[in-house]
Amino acid sequence: MIALALVGHSGALLHALREMVAQAAPAVAVAIAGGTAAGQLGTSSPGIHEALRAALRASDGEGVVVLFDLGSAALALEMALEELPDVDRALIAVSDGPLVEGAVRAAVEAAGGAPLAQVCAVADGERATAKLPPDWPDRPGGRAVAR
Amino acid sequence: VTDDVLVRWLRLAGAAVADARERLTGLDAAIGDGDHGINLDRGFRELLRRLDEGLLGSGPPAAVLEGAGRALIGTVGGASGALYGRGFQRAGAALLAPRGGPAGAPDERSREERAVVAFGAAVDAIAALGHATIGEKTMLDALVPARAAFEAAVGSGATLGAAARRAAEAAEAGAQGTIPLVATKGRASYLGERSIGHLDPGAVSSALLLRALADAATGA
């Protein structure tokens, strides 16, 4: 089964997100890398590297979808990926989807037995998925997502 | 860069970062997430600890640069640690890269020529990892002109110290030049036009590191 790796600035945030994911898809392995090695807010490419390796092991070689938050997370993730051998990197798909919605959506897809590309695609798809219902009262500035 | 200049530079850089910790953090609070000075100071403290404990600093320059980069990458926790760390690592790797001639031949380049290669590799690595270029209100606005000034100075026969001073001056001017720029990279880009009127903290810290190099190379 595809596993997830969640990357971000806060361990607390990612621990909580992992709980949310487990509620929706308890069978899916989720590795997290949040905060610095010293437990502060920030990102750590060695920590991300470890999480990616843990997720790969848990997926039994099927593959890992990675979701990440803002700022330096993408940069630290890129460095962590570069440290992996090509054969492992080929099993990792990084999603550009939103962290929370993408993680829950991807986990449900993974639990259904979907392959790597499909799990990543549904997480990516959350970028364009409207969260407000179509009949939500108008707001100043209009809606961010076109329907 | 010779061993002692390199170690002296790392020590001076660590001291300069510690001194500027509050200032850098203040600059970052204005347009980012307010942790640049704290993060960089944490990284350089760890780097200095490794120097003090002999875990770093005794090997050839390439190994010292690689180890310095690793210390920053593992402890800084922000984009700046990854970027500076990668810069140090690639500077070290560039010193080891093949340069023609018979294998195993002694390195006959001057320390200035080797420094040009290392500096260039660092700036290229930072630009590549950050997917950034000059004019985007980042450390590259200090580093790119500094590299050009350094190469020009070495090309006209300047010593390492003199070339590093020119690089530091160019970096300081480049950092000042970030004030009117709109940030398009990093957390500051969330502010859009509101980032205008502020110094980029990464450009300021880059200038600070190069001023420390100039001081180390001239023995100040």
Side-chain angles (χ1 to χ4, degrees), chain A residues 5-15 31-54 66-86 89 92 94-96 98-100 127 140-142 144-145, chain B residues 25 28-29 31-47 49-50 66-67 69-90 93 125-132 136 138-140 183-191 201-202:
Chain A
L6 309 178
V7 170
H9 282 64
S10 158
L13 180 73
L14 295 186
H15 275 105
I32 59 177
T36 67
Q40 285 118 339
L41 295 179
T43 57
S44 151
S45 59
I48 297 168
H49 181 81
E50 283 314 304
L52 294 176
R53 287 167 51 91
V66 185
L67 286 123
F68 61 95
D69 71 359
L70 66 179
S72 60
L75 207 143
L77 173 59
E78 189 177 345
M79 289 186 78
L81 285 167
E82 285 172 9
E83 301 292 318
L84 287 173
D86 290 349
R89 208 161 49 228
I92 296 177
V94 178
S95 169
D96 204 15
L99 177 63
V100 175
R127 270 177 75 113
V145 180
Chain B
T25 291
D28 194 27
I31 59 169
D33 51 2
D35 60 8
H36 187 54
I38 294 167
N39 280 345
L40 217 49
D41 185 41
R42 183 166 60 235
F44 271 94
R45 271 172 204 269
E46 173 62 17
L47 198 160
R49 186 189 70 79
R50 293 183 191 185
E66 158 64 30
R70 193 157 2 98
L72 296 180
I73 289 168
T75 52
V76 169
S80 59
L83 292 165
Y84 284 133
R86 174 56 68 86
F88 277 114
Q89 287 183 320
R90 289 294 158 86
I126 287 170
L129 184 62
H131 303 279
E136 296 181 311
T138 71
M139 53 176 74
L140 289 174
T184 56
K185 286 287 184 306
R187 205 74 70 90
S189 66
Y190 294 177
L191 293 175

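Numbered from 1 within each chain, the chains take letters A, B, ... in sequence-line order.
Closest of all the heavy-atom pairs between A/A31 and A/A54 is CB-CB, 4.4 Å. Minimum interatomic distance between A/R53 and A/L84 (heavy atoms only, all atoms of both residues): CG-CD2, 3.8 Å. Contact record, B/G81 with B/I73: O-CG1, 3.8 Å, taken as the closest heavy-atom pair. Scanning all heavy atoms of the two residues, the minimum distance from A/A74 to A/F68 falls at CB-CE1, 3.7 Å. When all heavy atoms are compared, the tightest approach of A/L52 to A/A80 is CD1-CB, 4.2 Å.
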Every donor-acceptor pair from chain A to chain B under 3.5 Å, please, each on its own line.
unit_1, atom_1, unit_2, atom_2, d
A/H9, NE2, B/R187, NH2, 3.4
A/Q40, OE1, B/R42, NH1, 3.4
A/T43, N, B/G77, O, 2.7
A/E78, OE1, B/H131, NE2, 2.9
A/E82, OE1, B/R86, NH1, 2.9
A/E82, OE1, B/R86, NH2, 2.6

Worked check of side chain to side chain contact (heavy atoms under 4.5 Å, CB included) between A/V66 and A/I48: CA-CA 10 Å; A/V66 185; A/I48 297 168; over 6 Å; no

